[in-house]
Every structure is written in structure tokens, then in C-alpha cells.
Visitor: 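Take this structure, written in C-alpha cells, and hold onto it; I'll ask about it next.
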Amino acid sequence: MYLKNLIKEKIIKEFSEIFNTNPPDFVIEIPPQNFGDYSTNVAMISAKILKTSPLSIAKKLVESLKEDPDFKKVEVAGPGFINFELSPVLYANVVEKYFRKVEIPKVSSEKIQFEFVSANPTGPLTVGHGRQAIIGDILSRLNEAVGNKVVREYYFNDAGRQVKMLGHSTWIRYNELYGKHFEFGEDDYVATYLIDIAKEISEKYGDRYVNVWNDEIQSFFSSYSTAKIFEWIKKTLSKLNVPFDSYFSEQTLYTSGLTNEALEILRNRGYIYEKDGSVWFAVSKVLPSEEDRVIIRKNGDPTYFFSDIAYMLNKYRRGFDRVYYIWGADHHGYIPRMEAASKALGIPDGFFNVILHQFVTLKSGEEIVRMSKRHGEFVTLEDLIDAVGVDATRYFFAMMDPDTTLVFDVELAKSKKMDNPVYYVQYAHARISSLLKNATEKKIAFEDASLNSISKEERDLVRELDEFSDVVLNAVDQKKPQKLCNYAYSLSEKFHAYYTDHRIVDPENLEISRDRLKLCFAVKNVLEVTLSIIGVSAPEEM
RNA sequence: GCGCCCAUAGCUCAAUUGGAUAGAGCAACGGACUUCUAAUCCGUAGGUUGCAGGUUCAAUUCCUGCUGGGCGCGCCA
């Protein structure tokens, strides 16, 4: 970013002096091999507004840019690209900066909320939740890194109909322990993990609930089950290093009166009507192509959409500048009605945002593993973490674009043979750590190394280093965690190649050793920060 | 039928949101450890970027229409 910015500023200055106007948005990029260190498309982009050919614009610019001592070479190429070769001094400066400290520009200072996972406590987290947890956590870390204040929130319901079913199901499992058989209801949870909870209840409370069922017992089994499952969920999340700042209960929206307040606001603004004994929210009044939705059923029970509306109001009143809902692709149909609710409540555009991610499919060898919470046939997130480790779990979820379906081969992931890109990156870090240790043992101090002469491979490495903050800003902007993984991999790749070709610590060649060590140290710093945003450890040795 | 997402090497994925010659890993083949960690490196081979148009100096990227796959279209979440 230092080098690109420097070039950009110089171009803008020359451009406006020569053409008496500022250039349109243009880019500085690292071109393919043999086109110099950096290149720009400024001449081609501005051909239209200057009503001249790109080549003549480029030639004029090059004439004056050539005079700048920071550039070793400036030339026009192809249809009007301008290619730059930089003076070695600039490279030395960049290494010095990253050697001292890896700084991420603080470009924003908004208060942002990410709400994700938000699984109701009716079963252990699945692999799909894992993907969501990692996407949410990394986007949170990224936003914090660029200066935003972030709240990670988990929204849950522990008092609804599902929870009743859950309690009933645990009670059936509990009775089974005593040889009493009851049929599962249609919406009950047949899942076997409830047996563990049933056993625990049996151990603690004996047989006092066998064959008896009433409201009190219902509520006891429900709250015992959900509390236990929530314990599992929190344990899994903490194992994954996904720290939530707040767990938000749906019920509080009712007890605090916010649901009623939201209803009144919508009613006053004319978005509420009654039909067939139910209360409706007029989605179509905001988005004509959408259908209206029930928020209070005939029997007086609210739908989830009702509390979701109140929840949005709650988020808005808490003073967030923007909120993000991270949802699985199956929820996309829910977006329009939420958008409508946001508008109907008078919440400004841009506040409500959704990040969708596609599904995770589990594959075991050639066999597709079905996932169903109700039927208990699934590999839990916990299982996956135990099998492949936290670092690999995080990295694997992070490295895929949220927009693409992720096929996770369980057998492959469990196998120790698996070629794991996370190791590749960590290995680069460990190698550098080992170099530094080596240097310390040989008492080679490199803090003051000047990097007067810098080779082609080293310049490649430095340019990759200098991409770091651009990558971060890009990932934040596009909400794509995988950008970080791609970058970490690519930086590691360049380092490994460099390492193989160059002897870093060489007491016979102190001058060169110092330069190389300093460069490696800078690489290590950047790797460390990148890995820390991904949430993966940067080991000193492997 | 309508809506959202995806399609790039045999497989899993990149490609600096429109840039020059589309890149890695795995799988295949051939090389490099008496030398700082071989969990590494170097080389060979592998492509009509699903198809057809369009936009412009320039398209894997943007637009339109197809084809194929995933998901959704409940007073379920």
C-alpha cells in the first residue's frame, strides 16, 4: 500500500499539472512478469474525458514522471499501460516499516453488529453452523482491525414450541431408561443426543418423572434440556475461538414490551391489518411484488417474524450504524420481508444488511452424509474440530467464498495425510522463527540492516508484503474472509521459494545475512497479523 | 412458474470487482536434502473460463437469453 500510494500520488500530481484536471479513478497494480514493478491504467481510463488516445496521454505522463529519482524506469507499453520500476531505496523503506510494525489503516469508526450462528438450543451445532461462525468471526475481526466497533451477537429462542417438543422428547428418552415406551410426536426430536441428557436427569433425580407428565414436568424437561444443550454450544464456540459479546433472548422482546411497541409503530404508519382472525404486516405496501405476512396467528400466538421485527427495532435503538445478519442460503426468501419491515419502521437504508452463505455438504468417501437435526444423523461441529483441529477447521471454513457450496470430505479431513494449506502457511512462519533463533545464537543483529542492494526475488517478496493492507481493506469491503487465506498462502509461497534459493543466515556474509533476516522478519510480522485475523495460530516451531 | 447463488485444468479452488501471457494445490511424470525445518523447492504435462449474443481500447469479471446444479417460494425457523 505504501508503494502503490506513493506512485498514485505522483501520477495525480503530474496528471493535473499537464492536463489541468484530475484523473478519473484509476488503479496501480502489480503487473504480470516482465512488465515492471507496478503498472497503471490511468492513460486508458482518461482517454475518453481528454478526447485523446491513451498512448499520447501515456507518453506525456511518462516524459515528466521519468524525471523523478524514485523511479528507475518509466515506460509506455501495450495499449497504453504505464510501467514503473522503482528505486531500491523505496523497497528498503517498505521493509523498514513492516519490520517495525504492521499497521492497518483505520478507515472507519462505525458501530457495527454481526449477528450469526443464532441456533436455537435444541441440538449441538452442525458443520453448517461452523461455517457461519467462522465467517462471522473473521468479518468481525476484520472490521475491528480497520477501526470499527463490533458487537458479535447470538440470537436465540428458548421458550417456543420447538423447545416444548425438545422437552417432551427428552422425557420420552428418560422413560425409555426405565423401560417405559411412548411414541414420539411428529415434531419431536428423535435425536440420540437427548439420551445423554435423559441419563443425567435420571442420575440426579431418579425415577420421579417416570410415567407422569404435566405442565410443570414439561417445563422442567424443557429448561433442563436447553440449558444443557446451550452449555454444549458455548463450549464448542469457545473451542473454535469464536467469542460472542452478547447472547440475546427472543423472549425479552416480549417481556420488555418492545413487540407491542413495534406493532403500534407499524399500525400508526398503516402497515397493519386484520384478516381471517389473524394480524398481518403489509409487506406489499413497501415491496409490491411481495406477499403480506401474518405476525399474530388466529390463536393469538405470535409468529417468529413478529419478534424479528421487534428485534430489528431493538438493534436500531441500540445505536448501531449498520447491522449484519449472517444467514444460510435457505433463508434468502426472508430478506424482502425484513427489508420491508425495516422501511416500515422508518429505519434508514443501509442499516439492515444480510450476508448469505451457501451450504456445507459433508462427504465421507463417496457417500454424502445427510444432516438432519430432528433425526440426529449428523456430524457435529464438535466432532469435526476434534478430528481435524481448531486451526484446520477455521482455515478451511475461511478459505472458501461464502457464495459457493462447500463440500467437506470427512474422511479426507480426518486423515493425517491431508494436504493442508494451513500447515503450509504455518510452516512458513515456523521456518522464519527458526531463522531468527539461529541468528540470535550466532549473535547476528540485523535491526540496522540497510538493504542497499535488493535482488529481484526480494523485490517480489516486498511487493507482496506491501499488498497486505490492500487485502484487508478489500476483504472488509467485499465481506470475503477467503481473501486473507489466499494472501497468506501467496505470501508463504513467495517466502518458501526465496528460502530455498537463498542462504539467509550466513556468518561468512554478514552484510547480506542482515538484509535477508530483516526482510524475513518483516514477512513474519505480516504473516502473524494475517493469521491472527483468520484466528489461526502462528507457531514458532512445527 | 417466480426469486437468490453457483458453473474456470481430471478433482478442490485462485485471478488485485474491467487490464497485458487465466494461476496454485491434489492426482500423473521427472529432478533437488553431508548445507538455516524436504510439512519445502524446481521442472514437464494439463484450458474454446457451461453455451450463444451484446457493451469497449480491453470481458473469467458487466448486460440479455439459454443449459445444468444447489436453495427458497408456510399462520416452520
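Naming convention: chains lettered A, B, ... in sequence-line order (proteins, then strands); numbering from 1 in each chain.
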Visitor: Which one, B:U12, B:A20, B:U16, comes nearest to the side chain of A:P32?
Guide: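 That would be B:A20.
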
Visitor: Whom does B:C33 pair with, Watson-Crick or G-U wobble, provided both distances fall under 3.5 Å?
Guide: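 Result: none.
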
Visitor: Are there any protein N/O atoms within less than 3.5 Å of an N/O atom in nucleotides 2-7 of chain B, and if so, which ones and at what distance?
Guide:
{"from": "B:G3", "atom 1": "N2", "to": "A:H332", "atom 2": "ND1", "distance (Å)": "3.4"}
{"from": "B:G3", "atom 1": "N2", "to": "A:H332", "atom 2": "NE2", "distance (Å)": "2.5"}
{"from": "B:G3", "atom 1": "N3", "to": "A:H332", "atom 2": "NE2", "distance (Å)": "3.3"}
{"from": "B:C5", "atom 1": "O2'", "to": "A:Q358", "atom 2": "NE2", "distance (Å)": "3.2"}
{"from": "B:C5", "atom 1": "O2'", "to": "A:D403", "atom 2": "O", "distance (Å)": "2.7"}

Visitor: Can you find an N or O donor on one side and an acceptor on the other, under 3.5 Å apart, linking the side chain of A:T500 with the base of B:A32?
Guide: no

Visitor: Using atom types as modelled and distance alone, determine if a side-chain donor or acceptor of A:D37 lies under 3.5 Å from a backbone N or O of A:L86.
Guide: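 Indeed, once roles are kept as given, a pair shorter than 3.5 Å links the two residues.
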
Visitor: Taking donor-acceptor contacts at under 3.5 Å, does the side chain of A:D330 reach the base of B:G72?
Guide: no

Visitor: Could you work out the separation of B:A9 and B:G23 based on their C1' atoms and round it to a whole Å?
Guide: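 Between the two C1' atoms, the distance is 11 Å.
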
Visitor: Grab the NZ-P distance between A:K442 and B:U35 for me, whole Å please.
Guide: 13 Å

Visitor: Calculate the interatomic distance between A:K51 atom NZ and B:C57 atom C1'; express it in whole Å.
Guide: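 To the nearest whole Å, that distance equals 17 Å.
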
Visitor: Using the closest heavy atom to pick a nucleotide of RNA chain B for each, name whichever of A:K48 or A:V294 lands nearer the 5' end.
Guide: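 In this pair, the answer is A:K48.
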
Visitor: Quick one: A:E291 CD to B:G72 C1', roughly how many Å, whole number?
Guide: 13 Å

Visitor: Ring pair (Phe, Tyr, Trp, His ring centres under 6.0 Å) with A:Y324: which of A:F116, A:F352, A:F114?
Guide: A:F114

Visitor: Given the C1' atoms of B:G72 and B:C57, what is the spacing between them in whole Å?
Guide: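 Straight-line distance between the two C1' atoms is 42 Å.
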
Visitor: Using a cut-off of strictly less than 4.0 Å, decide whether A:Y427 has a side-chain nitrogen or oxygen near OP1 or OP2 of B:A39.
Guide: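 Checking A:Y427 against B:A39: at least one side-chain N or O falls below 4.0 Å of OP1 or OP2.
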
Visitor: Side chains of A:S537 and A:D391: donor-acceptor distance under 3.5 Å anywhere?
Guide: yes

Visitor: Kindly say if A:Y424 contacts the phosphate of B:C41, meaning a side-chain N or O under 4.0 Å from OP1 or OP2.
Guide: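 Checking B:C41 against A:Y424, a side-chain N or O does come within under 4.0 Å of OP1 or OP2.
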
Visitor: Is the closest basic N to carboxylate O distance between A:R516 and A:E458 below 4.0 Å?
Guide: yes

Visitor: What's the closest nucleotide to the A:R293 side chain, out of B:U16, B:G74, B:G19?
Guide: B:G74

Visitor: Would you mind telling me which residue lines up with the more 5' stretch of RNA chain B, A:N41 or A:R337, judged by nearest nucleotide?
Guide: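 Whichever sits nearer the 5' end wins; that is A:N41.
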
Visitor: Could you tell me the Watson-Crick or G-U partner of B:U64, where both distances fall under 3.5 Å? Say none if there is no partner.
Guide: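 Paired with B:U64, as far as the under-3.5 Å criterion goes, is B:A52.
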
Visitor: Would you confirm whether the ring centroid of A:Y98 sits within less than 6.0 angstrom of the ring centroid of A:F521?
Guide: no

Visitor: Any chance the rings of A:Y155 and A:Y325 have centres within less than 6.0 Å?
Guide: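 They do not qualify: ring centres at least 6.0 Å apart.
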
Visitor: Taking the side chain of A:N34 as its heavy atoms from C-beta onward, which of B:A20, B:U21, B:U16 lies nearest to it?
Guide: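 Among B:A20, B:U21, B:U16, the one nearest the side chain of A:N34 is B:U21.
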
Visitor: Remember a base hit wins even if backbone is also touched, and classify A:A430 as base, sugar-phosphate or nothing at under 4.0 Å, heavy atoms.
Guide: base

Visitor: Could you identify the nucleotide paired to B:G25, looking across every strand shown and requiring Watson-Crick or G-U wobble geometry with both distances under 3.5 Å?
Guide: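 For B:G25, the partner nucleotide comes out as B:C11, under the 3.5 Å rule.
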
Visitor: Which nucleotide, in any strand shown, forms a Watson-Crick or G-U wobble pair with B:A38, with both distances under 3.5 Å?
Guide: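 Looking at the geometry, B:A38 pairs with no nucleotide.
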
Visitor: Among B:C36, B:U16, B:C75, which is the nearest nucleotide to the side chain of A:N438?
Guide: B:C36

Visitor: Rounded off to whole Å, could you give me the CD1-to-P distance for the A:I45 and B:G19 pair?
Guide: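 After rounding, the gap between these two atoms is 9 Å.
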
Visitor: Can you tell me how far C1' in B:C29 sits from the matching atom in B:A22, rounded to whole Å?
Guide: 24 Å

Visitor: Take atom OH of A:Y395 and atom P of B:G25, then tell me their distance rounded to the nearest Å.
Guide: 14 Å

Visitor: Look through every strand shown and name the nucleotide pairing with B:C4 as Watson-Crick or G-U wobble, where both distances are under 3.5 Å.
Guide: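 Paired with B:C4, as far as the under-3.5 Å criterion goes, is B:G70.
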
Visitor: Rounding to an integer number of angstrom, what distance separates B:A59 and B:U8 when you compare their C1' atoms?
Guide: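 Here B:A59 and B:U8 have their C1' atoms 14 Å from each other.
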
Visitor: Ring centres within less than 5.5 Å and planes less than 30° apart: is that true of A:F81 and B:A20 in this structure?
Guide: yes

Visitor: Let's see if you can work this out: which of B:C75, B:A20, B:U37 has an atom nearest to the side-chain heavy atoms of A:A77?
Guide: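 Looking only at side-chain atoms, A:A77 lies closest to B:A20.
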
Visitor: From the list B:A20, B:G19, B:C36, which nucleotide is the closest neighbour of the side chain of A:I504?
Guide: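 Side chain of A:I504 sits closest to B:C36.
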
Visitor: Taking only the side-chain nitrogens and oxygens of A:K483, find out if one of them lies under 4.0 Å from OP1 or OP2 of B:U17.
Guide: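 The answer is no; no side-chain N or O of A:K483 sits under 4.0 Å from OP1 or OP2.
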
Visitor: Could you state the CE-C1' distance from A:M400 to B:A14, rounded to the nearest angstrom?
Guide: 11 Å

Visitor: If the P atom of B:C63 is compared with that of B:C6, how far apart are they to the nearest Å?
Guide: 11 Å

Visitor: Would you kindly check if the NZ (Lys) or CZ (Arg) of A:K315 is within the cone defined by 45 degrees around the ring axis of A:F248 and under 6.0 Å from the six-membered ring centre?
Guide: no

Visitor: Quick one: do the A:Q358 and A:T404 side chains pair a donor with an acceptor below 3.5 Å?
Guide: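 Looking only at side-chain atoms, A:T404 and A:Q358 do not form any donor-acceptor pair under 3.5 Å.
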
Visitor: Considering only the P atoms, how many Å lie between B:A15 and B:U44, rounded to the nearest integer?
Guide: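 So the two P atoms sit 25 Å from each other.
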
Visitor: Would you indicate what A:S39 reaches in the nucleic acid, counting non-hydrogen atoms under 4.0 angstrom: base, sugar-phosphate, or nothing?
Guide: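 Result for A:S39 = base.
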
Visitor: Name the orientation of the base relative to the sugar in B:C33: syn if the glycosidic angle is within 90° of 0, else anti.
Guide: syn

Visitor: Describe the nucleic acid contact of A:P31 in one word from base, sugar-phosphate, nothing, applying a heavy-atom distance below 4.0 Å.
Guide: base

Visitor: When you get a sec, tell me which of B:C36, B:A15, B:A39 is the closest nucleotide to the side chain of A:L435?
Guide: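 Selected nucleotide: B:C36.
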
Visitor: Return the nearest nucleotide to the side chain of A:E541; candidates are B:A20, B:U37, B:C36.
Guide: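 Within the option list, the nearest is B:U37.
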
Visitor: Quick check for you: among B:A39, B:U12, B:C36, whose closest atom lies nearest to any side-chain atom of A:M542?
Guide: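 In terms of side-chain proximity for A:M542, the closest of B:A39, B:U12, B:C36 is B:A39.
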
Visitor: Using a 4.0 Å heavy-atom cut-off across all strands, classify A:H429 as base, sugar-phosphate, or nothing.
Guide: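 The answer is nothing, as A:H429 stays clear of every strand by at least 4.0 Å.
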
Visitor: Rounding to an integer number of Å, can you tell me how far A:Y489 OH sits from B:A39 C1'?
Guide: 11 Å

Visitor: Between B:C42 and B:A24, how many Å separate the two C1' atoms, rounded to a whole number?
Guide: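 Roughly 15 Å separates the two C1' atoms.
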
Visitor: Mind calculating the distance between CD (A:E29) and P (B:G18) to the nearest angstrom?
Guide: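 It works out to 11 Å between those atoms.
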
Visitor: If you check every side-chain atom of A:R431, which of B:C36, B:U16, B:U40 has the closest atom?
Guide: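 When the side chain of A:R431 is considered, B:U40 is the closest of B:C36, B:U16, B:U40.
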
Visitor: Distance between the C1' atoms of B:G3 and B:A52, in whole angstroms?
Guide: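 Looking at atom C1' only, B:G3 and B:A52 are 24 Å apart.
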
Visitor: Which atom names give the shortest non-hydrogen contact between A:T530 and A:V526, and what distance separates them?
Guide: OG1-O, 2.8 Å

Visitor: Does the gap between the ring centers of A:F81 and A:F35 come in under 6.0 Å?
Guide: no

Visitor: Give the intermediate values and the outcome of ring pair (Phe, Tyr, Trp, His ring centres under 6.0 Å) for residues A:Y427 and A:Y423.
Guide: CA-CA 6 Å; A:Y427 186 47; A:Y423 291 153; 9.8 Å; no

Visitor: Do A:R463 and A:Y91 meet the criterion of a side-chain donor-acceptor pair at a distance under 3.5 Å?
Guide: yes

